[in-house]
Amino acid sequence: MRTEVKINPNLITWAIARAGFDVEKFLENNPSIQNWIEEVKKPTVKQLEAFATRVHIPFGYLFMPEPPNESIPFPFFRTGNNNTDKVSLNVFDTIQILQRRQDWITDYLIDNDHEPLTFVGKFNENTNANTIVVDIRNTLSLQANWACNFATFEDTLAFITHKIEEIGIFINFNGVVENNTHRPISVDECRGFVLVNQHAPFMFINAADAKAAQLFTIIHELAHIWLGESAGFDNQNLLPANDPVEKLCDAIAAEFLVPASSLIDIWKDKPSIEYARRYFKVSPIVIARRAMDLGLITRGEFFTFYNGYMDSFKQKKENQGSGGDFYATARKRVSVSFATYVNQAVNQNKLLYRDAYKITGLKGDTYQKFVTQHLH
């Protein structure tokens with residue numbers, strides 16, 4: 001027996017648009033759904049479940065009287081003068097996933113008597129950038145030119161990620177929604193975002209971005225944590241939005257990665273992006289950006305260099321194709337330190353396996369193999 005259900009047609013068109021489809025074309029290609037909207041026919045529960053899966057929506061939403069008002073609880077900054085609380089569905093769902101992880105780990109840490117992190121919100125937008133840079137370095141136990149010890153800027157990125165997680169910040173690198181490769185997160189829309197609270201700040205870094213740019217994004221987000229401000233950003237051309245906090249975070253990231261006095265001294269001897277990159281062990285686009293800030297190259301020279309570098313990165317990425325080690329990728333998508341807490345809670349009988357699977361996005365045997373073979 002077919003169980004047909006009555007729903008508000010507005011919810012159907014809202015869900016289609018929310019998923020990023022052109023509503024008119026979608027309905028043209030799916031006349032049965034057009035019939036639901038015109039109330040010529042009612043959908044069955046099974047049909048609605050299939051529709052919910054297709055448009056990436058919680059099944060229960062389809063039984064609401066009206067479409068929910070979905071917005072993110074922090075500003076999402078666009079380079080230039082714009083910021084918004086509306087983002088694409090893939091970014092929105094990623095924010096929701098990380099918020100659920102943050103809510104769980106915050107409660108777990110408080111229940112286990114973890115103290116609040118003293119550096120969260122330690123300064124405000126009126127503080128000098130250099131003062132904050134010094135405090136971040138001290139908290140991470142780093143010298144001014146700390147990155148010079150590494151062979152490549154990829155090594156620098158791996159090292160600083162580890163240092164940041166050691167002090168209680170969780171970092172998630174991902175270029176798709178959870179593990180769904182059919183739901184990519186566009187770098188043009190989102191280079192990253194940061195969810196700030198006193199116990200468990202969460203960073204999201206778009207793994208589809210060049211590692212060269214990821215390094216700058218991480219430190220930009222770190223600055224947000226020191227200022228106690230959650231935010232998302234596209235940082236087009238590695239440039240900030242026209243907002244006081246964004247500009248300050250940008251200045252902090254630049255000075256943290258490439259101290260102005262050191263770059264000026266090196267540039268006097270040899271004015272070369274490549275030479276400075278080899279010295280500082282950060283990416284060439286970070287050097288170029290810093291050189292522009294300090295008036296060592298023009299804005300036009302920076303954009304030419306940046307665009308050339310990113311075009312080259314995109315070309316290399318296309319030639320490489322997809323693939324890679326799933327578990328190595330999962331370590332970055334979930335965060336080793338976060339997964340360690342989840343595993344600890346399971347072993348203490350404070351979290352069901354079912355809930356551990358849900359919160360990590362890893363199911364059954366995949367979860368077991370991950371926590372037993374890939375956490376250390």
Self-check item: NE2 (His162) with more than 12 external heavy atoms under 6.0 Å
Solution: no
Quiz item: Would the number of heavy atoms belonging to other residues, nucleotides or ligands and lying under 6.0 Å from NZ of Lys350 be above 12?
Solution: yes
Quiz item: So Arg183 and Asp93, salt bridge (Lys or Arg N to Asp or Glu O under 4.0 Å) or not? Walk me through it.
Solution: CA-CA 10 Å; Arg183 299 188 65 192; Asp93 284 352; 2.8 Å; yes
Quiz item: Would you call Glu255 and Arg290 a salt bridge, taking side-chain N to carboxylate O under 4.0 Å as the test?
Solution: yes
Practice problem: Specify whether His224 and Phe233 have parallel, tilted or perpendicular ring planes, treating 30° as the upper limit for parallel and 60° as the lower limit for perpendicular. | Solution: parallel
Quiz item: Any ion pair linking Arg191 and Asp209 (charged N to carboxylate O, less than 4.0 Å)?
Solution: yes
Quiz prompt | Nearest atoms (heavy-atom pairs only) where Ile57 meets Ala15 | solution = CD1-CB, 3.8 Å
Quiz item: Under 6.0 Å between ring centres, would you say that holds for Trp146 and Phe256?
Solution: yes
Quiz item: Are Gln214 and Thr161 close enough that some pair of their side-chain heavy atoms sits under 4.5 Å apart?
Solution: no
Exercise. Name all pairs fulfilling the salt bridge (Lys or Arg N to Asp or Glu O under 4.0 Å) condition that reach into residues 119-141, sequence neighbours left out, sorted by first residue then second.
Key: Lys122-Asp135
Practice problem: Using a 4.5 Å cut-off on heavy atoms from C-beta on, say whether the side chain of Pro9 contacts that of Glu39. | Solution: yes
Quiz item: Who passes side-chain hydrogen bond (donor to acceptor under 3.5 Å, both in side chains) against Asn172, sequence neighbours left out?
Solution: none
Exercise. Please test His220 against Glu246 for side-chain hydrogen bond (donor to acceptor under 3.5 Å, both in side chains), starting from the C-alpha separation and ending with a verdict.
Key: CA-CA 8 Å; His220 182 101; Glu246 282 299 287; 3.1 Å; yes
Quiz prompt | Option from Ile266, Asp269, Ile287 for which side chain to side chain contact (heavy atoms under 4.5 Å, CB included) with Tyr275 holds | solution = Ile266
Practice problem: For Ser272 and Glu274, run side-chain hydrogen bond (donor to acceptor under 3.5 Å, both in side chains): C-alpha distance rounded to whole Å, both residues' side-chain angles, the deciding distance at 0.1 Å, then the answer. | Solution: CA-CA 5 Å; Ser272 158; Glu274 182 57 26; over 6 Å; no
Exercise. Ignoring hydrogens and angles, state whether a donor on the side chain of Thr79 or Asn237 is under 3.5 Å from an acceptor on the partner side chain.
Key: no
Quiz item: Would you call the rings of Phe193 and Phe204 parallel, tilted or perpendicular, where under 30° means parallel and over 60° means perpendicular?
Solution: parallel
Practice problem: Would you indicate whether the side-chain heavy atoms of Asn145 and Ser262 approach each other to under 4.5 Å? | Solution: yes
Practice problem: Could you tell me which non-hydrogen atom of Val91 sits nearest to which non-hydrogen atom of Phe76, and how far apart they are? | Solution: CG1-CE1, 4.1 Å
Quiz item: So, do Ile132 and Leu248 sit near enough that their side-chain heavy atoms are less than 4.5 Å apart?
Solution: yes
Practice problem: Any chance you could lay out the salt bridge (Lys or Arg N to Asp or Glu O under 4.0 Å) test for Arg333 and Glu178, step after step, and finish with the verdict? | Solution: CA-CA 7 Å; Arg333 284 180 177 169; Glu178 205 157 60; over 6 Å; no
Quiz item: Does Phe370 have any ring pair (Phe, Tyr, Trp, His ring centres under 6.0 Å) partners at least two apart in sequence or in another chain, and if so, which?
Solution: none
Quiz item: Between the side chain of Asp155 and the main-chain N/O of Phe150, is any donor-acceptor distance below 3.5 Å?
Solution: no
Practice problem: In sequence, state the C-alpha distance, the side-chain angles, and the governing distance for Glu189 and Arg78, and then conclude on side-chain contact (heavy atoms from CB on, under 4.5 Å). | Solution: CA-CA 8 Å; Glu189 181 192 10; Arg78 311 289 185 205; 3.7 Å; yes
Quiz item: Would a hydrophobic clustering, with Ile, Leu, Val, Met, Phe, Trp and Tyr connected at side-chain separations under 4.5 Å, put Val342 with Tyr353?
Solution: yes
Quiz item: Which residues pass the ring pair (Phe, Tyr, Trp, His ring centres under 6.0 Å) test with Tyr108, sequence neighbours left out?
Solution: Trp104
Exercise. Give the minimum heavy-atom separation between Val336 and Leu375, together with the two atoms involved.
Key: CG1-O, 3.3 Å
Exercise. For the residue pair Cys148 and Tyr279, establish whether any side-chain heavy-atom pair is separated by less than 4.5 Å.
Key: yes
Quiz item: For the residue pair Ile160 and Leu215, what are the closest heavy atoms and their distance?
Solution: CG2-CD1, 3.8 Å
Practice problem: Go through the side-chain N and O atoms of Asn174 and Thr94 and say whether any donor and acceptor fall under 3.5 Å apart. | Solution: no
Self-check item: Leu142 side chain near Phe159 side chain, heavy-atom distance below 4.5 Å
Solution: yes
Quiz item: Above 12 or not: heavy atoms from other molecules or residues under 6.0 Å from CD of Gln348?
Solution: yes
Quiz item: Where do Thr181 and Val176 come nearest, in terms of heavy atoms and distance?
Solution: CA-CG1, 3.8 Å
Quiz item: When you measure from the side chain of Lys163 to the backbone N and O of Leu140, does any donor-acceptor pair fall under 3.5 Å?
Solution: yes
Self-check item: Heavy-atom check, side chain of Phe303 versus side chain of Arg299, under 4.5 Å
Solution: yes
Practice problem: Report yes or no: is the cationic atom of Lys332 (NZ for Lys, CZ for Arg) under 6.0 Å from the centre of the six-membered ring of Phe173, at an angle within 45° of the ring normal? | Solution: yes
Quiz item: Taking all atoms of both residues into account, what is the closest heavy-atom pair of Pro67 and Asn10, and its distance?
Solution: CG-O, 4.0 Å
Exercise. List the steps and the verdict of side-chain hydrogen bond (donor to acceptor under 3.5 Å, both in side chains) for Asn35 and Lys42.
Key: CA-CA 8 Å; Asn35 288 338; Lys42 292 177 187 173; over 6 Å; no
Quiz item: Given side chains that start at C-beta, do those of Ile285 and Phe153 come closer than 4.5 Å, heavy atoms only?
Solution: no
Quiz prompt | Set of residues satisfying side-chain hydrogen bond (donor to acceptor under 3.5 Å, both in side chains) with respect to Lys270, sequence neighbours excluded | solution = none
Self-check item: ring-ring contact (aromatic ring centres under 6.0 Å, His included): pairs with one or both residues in residues 5-28, sequence neighbours excluded
Solution: Phe21-Phe26
Quiz item: In this structure, are over 12 heavy atoms from other groups packed under 6.0 Å from Asp365 atom CG?
Solution: no
Quiz item: For Val196, does its backbone N or O pair with a side-chain atom of Ser230 as donor and acceptor, under 3.5 Å?
Solution: yes
Self-check item: Ion pair check, Asp293 and Arg289, cut-off under 4.0 Å
Solution: yes
